[in-house]
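Hydrogens, waters and symmetry mates are skipped; everything else that's a heavy atom, side chains included, is used. Here, residue 1 is the first one in the sequence, and each next residue gets the next number.
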Amino acid sequence: MGIGKSKIDRCSLSLSLAKSHSVDTSQRHHESESKKSEVSLCDVAKHSNTTERPAGEQEGAEGVDGEPDEEAEEELFFKFVILHAEDDTGEALRVQDLLQNDFGIKPGIIFAEMPCGRQHLQNLDDAVNGSAWTILLLTENFLRDTWCKFQFYTSLMNSVNRQHKYNSVIPMRPLNNPLPRGRTPFALRTINALEEESRGFPTQVERIFQESVYKTQKTIWKETRKMAQRQCIA
């Protein structure tokens with residue numbers, strides 16, 4: 001997954017692009033709206049995969065019968081997602097690059113890279129349940145953003161209610177503009193946070209992001225997804 005700035009720009013401009021496209025012709029507008037209404041929640045993951053991948057890869061992701069192959073589906077499940085304040089997109093990208101390239105923890109995604117044109121709650125659900133670990137980027141901007149507060153409470157409740165998500169929420173204080181421990185919400189103080197400036201940071205990362213945990217969560221995610229698809233077809 002690319003992490004270039006152009007991807008983030010497309011996300012921020014999605015609303016204006018959608019408006020300009022809608023005035024093309026009344027017939028195309030009607031067809032577009034009809035197609036949107038037919039998209040179910042069960043198709044969200046598949047839809048995001050085809051829109052985010054280059055055209056050449058989209059064709060290669062389908063088998064002889066037009067069905068997505070197993071490898072294409074597996075690429076959708078991330079090792080981590082970084083939830084962050086809107087003003088911390090740049091810092092989130094830096095941390096994403098750090099974990100992926102310096103520690104080999106990939107694939108990862110930040111919340112700003114989630115597909116545009118969908119509701120925030122749907123994107124949050126897809127981000128948390130479509131990844132093995134949820135990283136909360138604790139910066140000074142974190143407490144100023146009401147949406148961030150909702151994100152971390154929702155993530156914590158998800159980890160409590162789902163057994164396989166236990167210990168999957170990872171608070172992290174990055175090098176730049178970290179949130180002081182004394183101002184950290186009480187609910188997050190009970191969880192050992194990743195401290196990037198700490199000397200033991202590499203050891204923390206190695207201990208938390210274990211491949212066996214990732215594989216277990218990935219298996220559960222695939223089974224849950226297949227079950228939801230069968231229910232929708234029925």
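Hydrophobic cluster membership differs between I220 and W133, with clusters built from Ile, Leu, Val, Met, Phe, Trp and Tyr side chains linked at under 4.5 angstrom. Hydrophobic clustering places L121 together with V128 (ILVMFWY residues linked when any side-chain heavy atoms are closer than 4.5 Å, directly or through intermediates). A continuous path of hydrophobic side-chain contacts links M172 to F103 [ILVMFWY only; heavy atoms under 4.5 Å].
Annotation: cation-pi pair K79/Y214 present, NZ/CZ under 6.0 Å from the ring centroid and within 45° of its normal.
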| task | Evaluate side-chain contact (heavy atoms from CB on, under 4.5 Å) for D145 paired with H84, printing each intermediate quantity in order. | result | CA-CA 9 Å; D145 196 328; H84 56 89; over 6 Å; no
| field | Derivation of the side-chain contact (heavy atoms from CB on, under 4.5 Å) call for L143 and L179 | value | CA-CA 9 Å; L143 292 182; L179 181 68; 3.9 Å; yes
| said: side-chain contact (heavy atoms from CB on, under 4.5 Å), that's the test. Do L83 and T134 meet it? Break it down for me. | reply: CA-CA 7 Å; L83 304 185; T134 302; 3.6 Å; yes
| said: Walk me through whether M157 and T154 qualify under side-chain contact (heavy atoms from CB on, under 4.5 Å). | reply: CA-CA 5 Å; M157 288 303 299; T154 301; 5.9 Å; no
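Salt bridge annotation for R144-E86: absent, with no cationic side-chain nitrogen under 4.0 angstrom from a carboxylate oxygen. Between E196 and R94, at least one side-chain N (NZ, or NE/NH1/NH2) sits under 4.0 Å from a carboxylate O, which counts as a salt bridge.
Pairing each heavy atom of K165 with each of S159, the nearest pair is O-CB, 3.3 Å. Of all the heavy atoms in I82 and A92, the pair that sits closest is CD1-O, 3.6 Å. Across all their heavy atoms, P178 and L175 have their closest contact at CD-O, 3.6 Å. Among all heavy-atom pairs drawn from I105 and F80, the shortest one is O-CE2, 3.2 Å.
Counting only heavy atoms from C-beta outward, the side chains of D125 and N158 never approach each other to under 4.5 Å. Side-chain contact between I110 and V81 is absent, with no heavy-atom pair separated by less than 4.5 Å. Using a 4.5 Å cut-off on side-chain heavy atoms (C-beta onward), Q122 and M114 make no contact. In this structure, the side chains of L136 and I170 stay at 4.5 Å or more apart for every pair of heavy atoms. In this structure, the side chains of L137 and F142 stay at 4.5 Å or more apart for every pair of heavy atoms.
Between the CG atom in N167 and the CD1 atom in I208 there is a gap of 9.0 Å [rounded to 0.5 Å]. Rounding to the nearest 0.5 angstrom, the gap separating the CG atom in L124 from the OG atom in S155 is 5.5 Å. A distance of 9.0 Å separates CG of N101 from CD of Q96, quoted to the nearest 0.5 Å. Going from atom CG of D126 over to atom CD1 of I109 covers 10.0 Å, rounded to the nearest 0.5 Å. Atom-to-atom distance recorded for K215:NZ and Q210:CD is 12.5 Å, nearest 0.5 angstrom. Here the straight-line distance linking atom CZ of F209 with atom CD of Q204 works out to 10.0 Å at 0.5 Å rounding.
In the model, T184 has a side-chain atom that pairs as donor or acceptor with a side-chain atom of R173 under 3.5 Å. In summary, the side chains of N176 and E91 do present a donor paired with an acceptor at a separation below 3.5 Å, with no hydrogens or angles considered. A donor and an acceptor atom, one from each side chain of T139 and D88, are located under 3.5 Å apart.
The only option from F152, W147, Y153 that meets the ring pair (Phe, Tyr, Trp, His ring centres under 6.0 Å) definition with F150 turns out to be W147.
Side-chain atoms of R189 come within 3.5 Å of backbone N or O of G182 as a donor-acceptor pair. Using modelled atom types, one side-chain atom of Q217 and one backbone atom of A132 make a donor-acceptor pair closer than 3.5 Å.
Within a 6.0 Å sphere centred on CG of N192, heavy atoms belonging to other residues, nucleotides or ligands number 12 at most. Counting non-hydrogen atoms of other residues, nucleotides and ligands closer than 6.0 Å to CD of E211 gives a total above 12. Counting heavy-atom neighbours within 6.0 Å of R183 CZ, excluding the residue itself, gives a total above 12.
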